[in-house]
Amino acid sequence: MILNTELEYKGNLFPTKIISYEKNLNVLSFTTQNGVILQVTVRRDSILRFRYTTTGIFENDFSYAITKYASRGYNHLEVTEDDDNYFIKTAKLICRISKIDLRKSIFDAKDNTLICEDELGFHWEESYKFGGNIVKMTKTAQPGESYYGLGDKPVDNNLKGKRFENWVTDSYAFGKDTDPIYKAIPFYTGLHHKKSYGIFFDNSFHSYFDFCHERRNITSFWAQGGEMNYYFIYGPDMSEVVTNYTDLTGKPHEIPALWTLGYHQCKWSYYPESNVKEITAKFRELQIPCDAIYLDIDYMEGFRCFTWSKDHFPDPKRMVKELADDGFKTIVIIDPGIKIDMDYSVFKEGLDKDYFCKRADGPYMKGKVWPGECYFPDFTNPEVREWWSDLFKELIEDIGVKGVWNDMNEPAVMDVPGKTFPDDVRHNYDGNYCSHRKAHNVYGMQMARATYQGLKKFSYPKRPFVITRAAYSGTQRYTSSWTGDNIATWEHLTIANIQAQRMCMSGFSFIGSDIGGFAEQPNGELYARWIQLGIFHPFCRTHSSGDHGDQEPWAFGDSITNVVRKFIELRYQLLPYLYTAFWRYVEEGVPILKSLVLYDQEDPQTHYRNDEFIFGEKILACPVTGPNQKGRRMYFPRGEWYNFWNDEIIEGGQEAWVDADLDSMPIFVKTGAIIPKYPIQQYVGEKTIDELSLDVYYKLGKETSQVYEDATDGYDYIKGRYSLRNFNLLGKENELIIQQHKSGKFITTYKTFKLSLHGLPFKISKVQIDNEEIAFKDIKLNGDNTLIINKEFTELHIMA
Ligand code: GLC
């Protein structure tokens with residue numbers, strides 16, 4: 001029976017005054033009179049974790065998002081108090097906690113500027129329906145504050161003025177502003193007064209973020225259960241915030257094999273075998289580079305995972321081998337729904353071992369997906385993940401499949417309200433038993449993790465490759481991802497651009513969209529413009545639903561084929577540059593794409609830009625996102641930029657028109673950059689690289705560049721067999737000096753660099769390598785500013 005007094009409890013409840021404080025190494029606990037405990041953990045000088053309980057007891061401290069490899073340690077920690085407040089001081093931050101109501105204010109320790117302040121701060125509402133609390137946090141927005149991040153939200157970069165939900169959702173043909181969609185990444189960065197911080201709300205329940213939408217100066221976040229548990233990450237550079245968030249939730253466990261950065265071709269579906277072969281042969285015939293070909297659900301027997309349709313693919317092992325001989329890696333789809341069929345071994349085994357999800361009252365969670373009625377493995381059970389990972393033995397080890405594509409793992413269920421499991425479904429959650437309300441957002445992540453474990457095991461000594469549609473924070477450790485079922489419209493080209501940038505600033509850089517659009521059909525112009533954007537996305541794949549016509553590079557006539565080829569070729573030339581960016585991402589968490597605000601937060605012009613982005617460290621790109629355009633206006637971040645196509649220099653800090661007919665797009669290179677390039681190959685490894693091209697963009701002044709290389713696959717790089725070249729460029733009026741510092745034990749196949757000098761303001765009359773003058777004929781210098789030199793140099797002087 002419910003008593004009135006209990007119903008009254010449904011309003012907001014607040015902490016009262018602090019009555020005790022306790023310090024246990026880096027964990028500080030503040031208890032209020034009404035039994036609220038705030039636990040502050042100092043993880044680093046710039047990272048504080050805040051946890052609240054209203055019951056006097058904390059839940060078991062478990063998170064799928066936080067990696068055990070996250071950096072820890074701080075230089076300074078001091079707690080002081082006065083009559084009204086406690087002060088937690090680290091080398092970077094001061095956190096003030098009010099003794100009256102537990103509200104917090106966080107300041108930069110260097111200059112005392114206010115960075116982030118509680119408005120109401122922590123409060124809660126008891127959930128009569130589910131038990132536990134709806135946990136809430138509100139903060140005062142600072143003047144001029146902007147917000148970024150949150151994963152795959154298909155909205156403008158700056159999130160200010162909007163409200164969002166985090167609930168992983170199958171969103172076929174989503175549109176601009178559709179929310180929520182496939183991913184839940186409850187992490188955002190705030191920026192005001194040139195300083196940036198981040199908040200990661202590590203709570204996997206259905207959560208919400210409001211950025212000055214409900215109330216003009218208030219930012220809030222809340223969740224329908226679990227703990228108020230969030231990390232405050234200070235910059236003040238946004239790039240530091242993102243890097244530190246990525247460190248906390250994990251960098252990819254390995255650098256992806258170089259071939260995974262090539263071009264991928266996909267469709268729902270290429271079958272039978274003869275159709276697959278036709279497609280791959282056409283790539284080679286037309287000399288359009290391609291590394292991967294995908295098999296969507298129709299390769300299976302009645303959509304049963306881990307089976308092959310005997311009619312369409314009578315001998316998969318032979319086919320996969322033949323494709324491999326031609327440079328194609330075969331990638332297959334695997335969904336979570338396991339068809340209910342007693343004659344199907346995977347189903348039988350899952351049932352016998354009790355690995356399928358169950359409803360609260362006992363029955364199995366039954367839902368319809370492609371195969372019809374299915375049961376679903378509980379991937380939050382470590383034993384299930386182990387079992388699942390072993391299921392890949394045949395596909396990977398015996399048949400030779402090189403990558404697995406996890407789809408429908410939101411989990412998607414057809415023909416039911418909510419398009420997913422009901423809330424009462426039970427999950428193991430690695431021993432923290434719970435309902436689907438808590439496990440929903442991590443289900444797809446745990447599926448991708450289990451798949452990753454399988455691929456890692458059976459691909460060894462090669463590196464695994466996985467793609468997932470659903471994700472929660474931290475999923476980037478295991479897998480790449482794409483943005484789901486988009487549409488072949490110009491608006492979606494813009495959305496794809498923003499989503500890729502947003503994912504990168506949410507710690508998840510290995511991302512791309514279905515190039516050309518999944519639903520409906522693009523015309524040639526849209527497809528060509530989309531390829532132009534796509535070659536700058538870390539994951540580069542054309543995919544379409546197939547029932548609207550063909551979407552291969554040659555499907556739109558010769559002139560479009562030529563444009564598409566030209567840009568895919570550029571992707572292949574830039575592979576060492578992209579690989580270097582991946583290495584930086586995997587080593588340090590540096591996002592591969594940088595929105596302009598991430599690149600230069602001090603320039604307020606960047607705060608609302610969407611289209612332009614930095615690819616890697618040195619290339620500025622901006623897609624043309626409308627029909628019939630011969631160019632576009634775009635903003636140039638501060639600095640100087642070479643037009644990639646004609647070497648014209650443009651001064652940044654301004655908007656300008658750029659010509660870009662359909663066979664071109666706005667691409668610029670930062671002055672002083674050294675861009676490494678490989679020869680065009682039809683697939684990675686087709687050619688032995690016998691010369692590395694270095695495009696050197698002259699600058700008056702200094703600039704550094706890096707080139708990372710290794711065996712392109714395998715794990716030797718972890719043992720030090722990599723090659724990292726650091727170049728220091730110094731341009732003077734009549735001299736260009738390049739110093740090289742090389743580290744790592746890997747010996748590259750090439751012996752020489754081909755230097756192409758862009759924008760050199762003088763005619764070369766003398767070249768010195770390591771203090772020795774070199775005859776022009778020895779370096780093949782013939783007036784066109786290209787020279788071929790031994791890769792071993794440490795200092796090169798090019799003089800007027
Ligand atoms: C989903 C996926 C799509 C795939 C299709 C069939 O819609 O998002 O990429 O082609 O299912 O498997």
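The chain is numbered in sequence order, starting from 1. First listed ligand is number 1; within each ligand, the first listed atom is number 1.
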Requested in this report: Indicate yes or no: does an N/O atom of Asp514 lie under 3.5 Å from an N/O atom of ligand 1?
Outcome: no
Query - Atom CZ of Phe356: over 12 foreign heavy atoms under 6.0 Å - result: yes
Query raised in the report: Parallel under 30°, tilted from 30 to 60°, perpendicular over 60°: which one fits the rings of Phe518 and Trp268?
Result: parallel
Query raised in the report: Does ligand 1 have any atom that is closer than 4.0 Å to a heavy atom of Trp405?
Result: yes
Query - Heteroatom proximity flag, His543 to ligand 1, N/O under 3.5 Å - result: yes
Query raised in the report: Hey, is Tyr172 one of the residues with a heavy atom under 4.0 angstrom from ligand 1?
Result: no
**Report entry** Validation row, ring centre Trp388 to ring centre Tyr355 under 6.0 Å
**Finding:** no
Report task. May I ask you to check if ligand 1 and Arg469 share an N or O to N or O distance below 3.5 Å? Result -> yes
**Report entry** N or O pair under 3.5 Å between Asp335 and ligand 1
**Finding:** no
Query - Ring center gap for His440 and Phe421 short of 6.0 angstrom - result: no
Requested in this report: May I ask you to list the atoms of ligand 1 that are less than 4.0 angstrom from any heavy atom of Trp482?
Outcome: 8 (O), 9 (O)
Report summary line: Near Ile333 (heavy-atom distance under 4.0 Å), the atoms of ligand 1 are 12 (O)
